[in-house]
2 protein chains.
Amino acid sequence: MMVSSNPAGKRCVNPPSERTVERLSRYRYLLHELKVEGVGYVFSHALAEMAAVSAAQVRQDMMAVGYSGTPVQGYEVEKLLAALEEFLEVPEGKDVALVGVGNLGLTILKSLVEYPTPLRLSVAFDVDWRLVNRQVQGCWCYPVEQLVAVVRERQIPIGIVAVPPKAAQEVADLLCEGGVSGILNCAPLRLRVPEHVYVSNLNIMVALEKVSYFAHRNRARMECPARERMKA
Amino acid sequence: MMVSSNPAGKRCVNPPSERTVERLSRYRYLLHELKVEGVGYVFSHALAEMAAVSAAQVRQDMMAVGYSGTPVQGYEVEKLLAALEEFLEVPEGKDVALVGVGNLGLTILKSLVEYPTPLRLSVAFDVDWRLVNRQVQGCWCYPVEQLVAVVRERQIPIGIVAVPPKAAQEVADLLCEGGVSGILNCAPLRLRVPEHVYVSNLNIMVALEKVSYFAHRNRARMECPARERMKA
DNA sequence: ATGGTCTTGTTACGAAATTAACAGCGTTTG
DNA sequence: CAAACGCTGTTAATTTCGTAACAAGACCAT
Ligand SMILES: NC(=O)c1ccc[n+]([C@@H]2O[C@H](COP(=O)([O-])OP(=O)(O)OC[C@H]3O[C@@H](n4cnc5c(N)ncnc54)[C@H](O)[C@@H]3O)[C@@H](O)[C@H]2O)c1
Ligand SMILES: NC(=O)c1ccc[n+]([C@@H]2O[C@H](COP(=O)([O-])OP(=O)(O)OC[C@H]3O[C@@H](n4cnc5c(N)ncnc54)[C@H](O)[C@@H]3O)[C@@H](O)[C@H]2O)c1
């Protein structure tokens, strides 16, 4: 028994899926909120309610983390939060580089400073001379020509691509050359990167069109006996 | 044979999953790009490459749409695009209401006007008196007090919640009272809505933390024989 | 103390989604 | 004209995912 709780090599057993990690990230945020509110313990079904998942899902996810709660009192908020933070920990470092300080870039920059995450947006890059060589929201903005050097020097492991689509691939190449191992891509195209670099794509429009589709569909569900969904 | 191609009641057969609709939305964008570039035909594996999915996945998705390509030439870009647009069509209307014209709201507003989608951001709402009763990016911004009336009057089916977390539930209640059937929620909490209202949550931080986790994990994959991924 | 009532941890099952395989059919080429 | 090739449409298989069910354990009331 007691899987996935070996102190050192935890990440070789039971590799969690992307979905699982997404949920763990949400749990972490919710637990942070609970801690701020002074809540000491939380049940799996309460956490499930907050995260819009099932209680069984929460418990199974906790199994992946390796944290055990006490049967009747539930999970101790602080302990579980600490366990999650350790599980999501990045040995490589918590620094993030933002490329493209436009509308979206600035939004991300601003929201990262107030979001409770170990990740820290350390540096930003842009081509616009009006934006570079100055502090933006407590984050220094370099000209993009210095990207490779700075990212390599500071060993920044993660980059955010928030530039227009035409410049996205070029910027991604620079980030990879600088040695990042993960990229959050906000441009609506597929980035071509070396195999060891992980890429996640973010597209608000896709999310919006999904809402559009299912909004209509859900309303018409009384005339068409689709399977039940939205269980709350 | 020939499933899911009944002209009128298409959406009662083979209900597509959320994942499927997300992919269809991406295909639609990619096909739009191809059309602009003057490309006439596209193969399933080419589209798959662009969308970062498998060719079999593309073909199966096309089956859900009900569009058939020609065996050797592939899919006709314009025809397939039209089929996708018809499939994703919303009989209720294409109007979207944005609530909260702050950093994120403005970003969405600006990017929606240049993104090729049938959805149109018709109206915006905010509490800030400096933002309301004027045009923002070609979109009129009302005070939030008029939300229910305007949304109901214009029968707007979709709302975007881009306000601070503390105001999110309140705003969602107003949207539901106005009669929307779908909400894109950008606040990091679960909205409580009537059962017939579809909600999709968007959280950039979760995406970023996912990148953080798997970035580290992928780089260490040569010492730990995880299953192969990122197949390109 | 002890029985009852809650929880969690874990296993097993069912559903869903992705991948693989193959038959059908234009197109093209010799 | 025939035959081989290449891509699609569809079905089948596999793998992944989520849920349900249940044994074990802590607390509480009596
Ligand atoms: N994922 C989404 O849902 C979503 C939403 C909005 C925007 N976007 C995308 O995000 C990207 C940025 O959008 P935006 O609205 O912030 O655009 P923007 O024009 O406001 O900002 C782009 C910034 O990138 C900078 N830039 C341009 N070329 C550069 C280069 N080669 N190197 C470094 N910096 C460079 C520009 O100077 C500008 O500051 C676009 O690709 C857009 O499609 C995505
Ligand atoms: N999903 C993400 O990844 C992501 C990223 C950034 C921000 N956010 C979230 O989006 C929301 C907005 O972020 P932001 O950076 O744009 O904040 P912001 O403060 O810049 O903008 C909020 C806007 O909402 C308006 N507002 C406040 N209360 C309102 C009310 N009751 N009715 C109508 N309007 C109201 C404010 O006047 C302001 O214009 C926040 O909940 C934030 O957490 C999410």
Side-chain angles (χ1 to χ4, degrees), chain A residues 1-5 13-24 26-27 31 39-49 51-77 79-80 83-84 210 226-232, chain B residues 1-5 13-24 26-27 31 39-49 51-77 79-80 83-84 87 226-232:
Chain A
M1 308 76 166
M2 203 54 70
V3 299
S4 79
S5 65
V13 300
N14 237 8
S17 68
E18 299 197 12
R19 282 278 179 89
T20 303
V21 173
E22 288 179 14
R23 285 192 298 268
L24 293 179
R26 282 198 211 98
Y27 300 155
L31 287 166
V39 177
Y41 289 84
V42 65
F43 295 142
S44 63
H45 48 79
L47 196 54
E49 155 85 10
V53 298
S54 71
Q57 183 84 78
V58 169
R59 290 203 293 273
Q60 183 147 318
D61 289 338
M62 291 313 148
M63 201 164 54
V65 174
Y67 179 78
S68 291
T70 55
V72 147
Q73 294 195 329
Y75 300 99
E76 193 173 347
V77 171
K79 293 274 183 62
L80 178 52
L84 276 174
K210 188 177 69 166
R227 66 180 184 278
E228 83 288 352
R229 278 208 146 272
M230 302 307 301
K231 58 168 159 305
Chain B
M1 305 80 165
M2 203 54 70
V3 298
S4 78
S5 64
V13 299
N14 238 8
S17 68
E18 299 196 12
R19 283 277 182 91
T20 302
V21 172
E22 288 178 15
R23 285 192 299 267
L24 294 179
R26 281 198 212 99
Y27 299 154
L31 287 166
V39 177
Y41 289 84
V42 65
F43 295 141
S44 64
H45 45 80
L47 196 54
E49 155 84 9
V53 299
S54 71
Q57 183 85 77
V58 169
R59 291 202 294 273
Q60 183 145 318
D61 288 338
M62 290 315 147
M63 201 166 54
V65 174
Y67 179 77
S68 291
T70 55
V72 150
Q73 294 194 329
Y75 302 98
E76 192 172 348
V77 171
K79 293 272 183 61
L80 178 51
L84 277 173
F87 186 85
R227 65 178 185 277
E228 83 288 352
R229 278 210 145 271
M230 301 309 299
K231 58 167 158 306

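Just so we're on the same page: letters track the sequence lines, and every chain starts at 1.
Rounded to whole angstrom, the span from the CE atom of B/Met63 across to the P atom of D/dA12 amounts to 12 Å. Whole-Å rounding puts the B/Glu76 CD to C/dG26 C1' distance at 15 Å. For B/Asp61 and C/dT19, the CG to P distance is 10 Å, given to the nearest whole Å. Between the CD atom of A/Glu18 and the P atom of D/dG18 there is a distance of 12 Å, given to the nearest Å.
Under the rule for a side-chain hydrogen bond (donor to acceptor under 3.5 Å, both in side chains), the partners of B/Glu22 that lie at least two apart in sequence or sit in another chain are A/Lys210. For the salt bridge (charged side-chain N to carboxylate O under 4.0 Å, His left out) test, residues two or more places apart in sequence or in another chain that qualify with B/Arg23 are B/Asp61. Residues forming a side chain to side chain contact (heavy atoms under 4.5 Å, CB included) with A/Val39 (at least two apart in sequence, or on another chain): A/Leu34, A/Glu37, A/Val77. The side chain to side chain contact (heavy atoms under 4.5 Å, CB included) search around A/Ala55 returns A/Ser44, A/His45, A/Ala48, A/Arg59, not counting sequence neighbours.
Once rounded to the nearest 0.5 Å, the distance linking OG1 of A/Thr20 with CD of A/Gln57 reads 7.0 Å. The CD atom of A/Glu49 lies 14.5 Å from the CZ atom of A/Phe43; values are rounded to the nearest 0.5 Å.
For D/dT16, the OP1/OP2 oxygens have no side-chain nitrogen or oxygen of A/Arg19 closer than 4.0 Å. A sub-4.0 Å separation between OP1 or OP2 of C/dA17 and a side-chain N or O of B/Gln57 is absent.
The shortest heavy-atom contact between B/Phe87 and B/Pro16 is CZ-CG, 4.0 Å. In plain terms, the two heavy atoms of A/Gly74 and A/Tyr41 that are nearest each other are O-CD2, 4.2 Å. Residues B/Tyr27 and B/Met62 come closest through the heavy atom pair CD1-CE, 3.5 Å.
Residue whose closest nucleotide on DNA chain D sits further toward the 5' end, between B/His45 and A/Thr20: B/His45.
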Produce a footprint string for nucleotides 20-27 of chain D: one letter per nucleotide, 5' end first; B if the base is under 4.0 Å from any protein heavy atom, S if only the sugar-phosphate is, - if neither.
-> BB---BB-

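Residue-level contact check: A/Tyr41 touches neither bases nor backbone, having no heavy atom under 4.0 Å from any strand. Residue contacts for B/Ser44: at a heavy-atom cut-off of 4.0 Å it reaches the sugar-phosphate backbone alone, with no base atom in range.
A rotation axis mapping the C1' atoms of four pairs onto the next four is fitted at both ends of the helix from C/dA1-D/dT30 to C/dG30-D/dC1 over five pairs, and the angle between these axes is 0° to 10 degrees.
Candidate nucleotides C/dA17, D/dG18, D/dT10 were compared by shortest atom distance to the side chain of A/Arg23, and D/dG18 ranks first. Of the candidates C/dT10, D/dG9, C/dT8, the closest approach to any side-chain atom of A/Phe43 belongs to C/dT8.
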